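Everything quoted here is computed from the prediction, not taken from an experiment.
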Amino acid sequence: MRISVDAVLFDIDGTLVDSTGAVERTWRQWGEAHGIDPEEILAVSHGRRSEDTIAMFLPEDQIDEAAAELEELELADLDGVAALPATAELLSALPAARWAAVTSGGRRLMRTRLEAAKLPVPDVLVTADDVTAGKPDPQGYLKAAAALGVDPARCLVVEDAPAGVQAGLASGAAVLAVATSHSRTDLEGLGAAEVIDNLTFCTLETGPDGLILCTP
């Protein structure tokens, strides 16, 4: 892949930050406390807003309280949260006005995880708190592109989960999928321009006409 874009829009959990262990531990703890099979939760939760996942298991009038409870569990568990390979180098090479993060997590939690991973918090950070519909809806990516002042069609979305890949494609952006939390089998066939194992397989060139990202 060799693609010229104006901006790169990253997911956070599983794309920039290795938080899979913490995510799974907190969902298991939450599910057991509510008498819900954690395996059923984990089968649908990756890449989605917590409230959208909770809505699959609890009545509507319990969602807000349950989501707040889950967030407190997540904020208390940063064990093993770290930057994924090559993410720090890639972000440091990107001009601040050329990248954003779009996440299904809440703003407080995402800032905490980025800081724990020693990664920069972008100027444009679109979180679950900023949208009315989560991934696979493209709203978050469209908001990020608008905040950067770029055409979504001139963006590259980098995602690790099927729901995020679908959201990026629905926004009109090209998508690079990283097989860090899901298998290549889960990601191939969704329409991403390419699937790579992690961002060490991605190189970046910057110039007056934008960004050029390449994979082997």
State whether the side chain of [X] and the backbone N or O of [Y] hold a donor-acceptor pair below 3.5 Å, judged by distance alone.
X	Y	answer
E205	I212	no
S104	G47	yes
S183	D186	yes
T200	P85	no
R28	V23	no
K135	G140	no
R48	P136	no

So do [Y] and [X] actually touch side chain to side chain, heavy atoms under 4.5 Å?
X	Y	result
L204	L211	yes
D77	Q29	no
T112	L78	yes
V5	C155	no
V8	L213	yes
T103	V126	no
L94	F10	yes
D197	V178	no

Do you know which two heavy atoms are closest between [X] and [Y], and how far apart they sit?
X	Y	answer
L148	R98	CD1-C, 4.5 Å
T206	P95	CG2-CD, 4.3 Å
L187	A161	CD2-C, 4.1 Å
A192	L169	N-CD1, 4.3 Å
H46	A163	O-CB, 4.5 Å
I3	A174	CD1-CB, 3.4 Å

Working to the nearest 0.5 Å, report the span between [atom1] of [X] and [atom2] of [Y].
X	Y	atom1	atom2	answer
E74	R25	CD	CZ	11.5 Å
L70	W27	CG	CH2	4.5 Å
E194	R2	CD	CZ	13.5 Å
L176	L9	CG	CG	12.0 Å
I12	M110	CD1	CE	6.0 Å

- In plain terms, say whether E72 and R108 are close enough for a salt bridge, that is, a side-chain N and a carboxylate O under 4.0 Å apart. yes
- Task: Begin with the C-alpha distance, continue with both residues' side-chain angles, and end with the deciding distance and a verdict on side-chain contact (heavy atoms from CB on, under 4.5 Å) for L91 and W99.
- Result: CA-CA 8 Å; L91 295 182; W99 74 281; 3.7 Å; yes
- Walk me through it: do V175 and L190 pass the test side-chain contact (heavy atoms from CB on, under 4.5 Å)? CA-CA 10 Å; V175 177; L190 295 176; over 6 Å; no
- Message: Applying side-chain contact (heavy atoms from CB on, under 4.5 Å) to Y141 and D11, what does each step give before you reach the verdict?
- Response: CA-CA 10 Å; Y141 283 116; D11 174 54; 3.9 Å; yes
Side-chain H-bond candidate by donor/acceptor type, [X] with [Y], under 3.5 Å:
X	Y	result
N198	T180	no
Q139	T132	yes
D160	S181	yes

- Item | Single hit among R107, R49, K143 for salt bridge (charged side-chain N to carboxylate O under 4.0 Å, His left out) with D130 | R107
- Task: Apply side-chain contact (heavy atoms from CB on, under 4.5 Å) to the pair M56 and E40, showing each step before the final yes or no.
- Result: CA-CA 10 Å; M56 299 178 183; E40 292 185 17; over 6 Å; no
